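The structure presented is a predicted model; accordingly, all values stated were derived computationally and were not measured.
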Amino acid sequence: MVNLADKVAFVSVSDGPISRACVASLKAAGAKVCAAGSGNADLNLEVDKYDPASWDTAFDVCSQKLGGLDVLVIPTAGPSSQPIEDVPLEDFVSAHRAMVVPAFLAQNRGIIAMRKTGNGGAVVHVIPAAARSGLDSAVAACTASAGILFSSKSASLECAKEKDGIVVNAVLVGPVAGEPQLPYPKDVAAVPPQAVADAVLFYATDGAVYMSGMDLPVDGGFLAG
Amino acid sequence: MSEMPKTDQLAGKVVLITGGTSGLGRWTTLITAAQGATVIYSGRNAEGAAETDRRLNEAGLKAEYLPHDVTKEDEWQSVMDNVLKRYGRLDGLVNNSGVSRLKPMDQLSLEDLEYLLSVNVDGMFLGTQYAFRVMKMRGGSIVNISALNALRGSPNSTGYGMAKAGTTHLARAAAIEGRKYGIRANAVHPGVLFEDGDKASPGAIALFGEEGAQKFVQFNIDTTPLGRLGHPRDIGTAVAFLLSDASRHVTGTAVSVDGGRMAGEYLHHGIKSQK
């Protein structure tokens, strides 16, 4: 059983099966959990996900009320779209930014907040497996997922360079029931939300402190070939 | 221009190259024209276009310049209308226009991110989309010029890496969707490029100062397994291959033309430090 009894975790999204599984699992492991949006975390905060100042405030409140910030979980889901030649630019930009901007802000502002506490920490992105494979009719989600993945790798190197004790990793998820469905091949098995939460918990433990810039597929084998 | 042999590898093909008014785009324009393609190059910089034209003339080559801001959809429409009106087809698109802005994450603003995404992602999305609408009739090849930051993390790149990973992955998504139309799409990842051998460029000197720029050059030589910097010509040659029928079975891939920098962990550590 994972023990996160001395940790404070922040989950950047509160709705959807993956986020709910992460909040529940982090709490079950003993962490004090704050989540952006409504739900059953120990502390639920409203965040304007496109506003850097709103993220800063949320992380400050979390640190003050729960006693720090050790684990930051950033789940990002993506929608499928029309074929490339038919997607209006505004739809592409809207879908792309809806994924990358909250993930970018949560990651960068969250790391800044973690540095203030000075205790290191773990940032865990949860990204569609489309980050590493093109899909048919999902151009915005593919492009955004890969962007978030490589932003996380760059963040991991910046943290290593700063010697701030913060590690940044990603879980790449295949189709999950209840999440926006990307057009994965039909033979790819659906991923239980708990399997994703278990991978997040692994990254959140002190045992994973030497892993950074990595991405772990939890995808029913989709990325295996 | 003796370094740029003329071939007929791209004879009969109509190719559009964005950002052909400077650097890598200019060299790609020259090489693609030298390999027999009918080339249209676009960009925002009229002075740069004059220099590209001068180099083309010097080499006995021709290409047509069209003013073009790749972030504006109406300008894509206009450029594509022009291409089709004059040449009736489009066989190749090089999405070359790109921008960089490298900053630590605590200094990188949302405005910085939007600037990076608008050119490197949205501009290439529009190019891909407009090319699809034309190429779906008879197939074609799309080449996105990306960066090594798209293949691995790099400090000061939480925004630039995000944008360039999008550039590369856009090509993969386009390869999947383009399969039914005979449209291929690939990404090219240049290493560090210098036009003047191991001399620091005016841009590097402006950024780092004379001494700092030369140190920057030496660092990049030391961290490149082949022990030398790349030249834009090296990238243009790879792009021409991906535009040609010789690469007819190559799609959805990321080609690094980087002197071996992606072959190992040298990028951030340096080869000399391992000895």
Inset, instruction - Mind checking the CG-CG spacing from A:Leu157 to B:Asn156? Nearest 0.5 Å is all I need. - result: 10.5 Å
Inset, instruction - Using a cut-off of under 4.5 Å on heavy-atom pairs, state which of A:Ala138, A:Ser133, A:Pro52, A:Ala160 scores highest against chain B. - result: A:Ser133
Inset, instruction - For each of A:Ser137, A:Ser156, A:Gly213, A:Ser152, tally heavy-atom pairs with chain B at distances under 4.5 Å, and name the one with the top tally. - result: A:Ser137
Inset, instruction - Assess whether side chain to side chain contact (heavy atoms under 4.5 Å, CB included) is satisfied between A:Phe92 and B:Leu126, documenting all intermediate values. - result: CA-CA 10 Å; A:Phe92 172 82; B:Leu126 281 172; over 6 Å; no
Inset, instruction - Look at atom CZ of B:Arg248 and say whether more than 12 heavy atoms of other residues, nucleotides or ligands are closer to it than 6.0 Å. - result: no
Inset, instruction - Indicate the atoms forming the closest heavy-atom contact of B:Phe125 with A:Val87, along with that distance. - result: CZ-O, 3.5 Å
Legend entry - Pairs flagged by side chain to side chain donor-acceptor pair (under 3.5 Å) wherever residues 158-183 of chain A is involved - sequence neighbours left out: A:Arg115-A:Asp164
Legend entry - Approximate separation, where rounding is to 0.5 Å, of B:Met105 CE and A:Ile111 CD1: 4.0 Å
Legend entry - Working for side chain to side chain contact (heavy atoms under 4.5 Å, CB included), residues B:Thr128 and A:Ile84: CA-CA 8 Å; B:Thr128 302; A:Ile84 285 176; 4.1 Å; yes
Legend entry - Residues in residues 173-183 of chain B that sit under 4.5 Å from chain A, counting heavy atoms only: B:Ala173, B:Ala174, B:Ile176, B:Glu177, B:Arg179, B:Lys180, B:Tyr181
Inset, instruction - Search all heavy atoms of B:Ala165 against all heavy atoms of A:Ala146 and return the closest pair with its distance. - result: CB-O, 3.4 Å
Legend entry - Residue selection (most heavy-atom pairs with chain B, distance under 4.5 Å) from A:Leu149, A:Ile148, A:Leu135: A:Leu135
Inset, instruction - Between chain B and each of A:Ala131, A:Ala144, A:Ala140, count heavy-atom pairs under 4.5 Å; write down the option with the most. - result: A:Ala131
Legend entry - Pairwise side chain to side chain donor-acceptor pair (under 3.5 Å) hits with a residue in residues 108-125 of chain B, at least two apart: A:Arg97-B:Glu114, A:Arg97-B:Asp122, B:Arg101-B:Asp112, B:Lys103-B:Asp112, B:Ser109-B:Glu111, B:Ser109-B:Asp112, B:Asn120-B:Lys164
Inset, instruction - Carefully, step by step, assess B:Lys136 and A:Glu85 under the rule side chain to side chain contact (heavy atoms under 4.5 Å, CB included). - result: CA-CA 9 Å; B:Lys136 64 194 292 187; A:Glu85 64 268 32; 3.1 Å; yes
Inset, instruction - Locate the shortest heavy-atom distance separating B:Arg152 from A:Phe150; write the atom from each residue and the value. - result: N-CE2, 3.4 Å
Legend entry - Contact origin within B:Asn149 toward chain A - heavy atom pairs under 4.5 Å: backbone
Legend entry - Contacts of residues 72-86 of chain B with chain A (heavy atom under 4.5 Å): B:Glu73
Inset, instruction - Could you tell me whether the side chain of B:Ser154 and the main chain of A:Ser154 form a donor-acceptor pair under 3.5 Å? - result: no
Legend entry - Which atoms of B:Leu170 approach chain A - backbone, side chain, both or neither, heavy atom under 4.5 Å: both
Legend entry - Nearest heavy-atom neighbours spanning A:Cys142 and B:His169: O-CD2, 3.0 Å
Inset, instruction - Sort out for me which of B:Asp106, B:Leu151, B:Thr168 touches chain A most, counting heavy-atom pairs under 4.5 Å. - result: B:Leu151
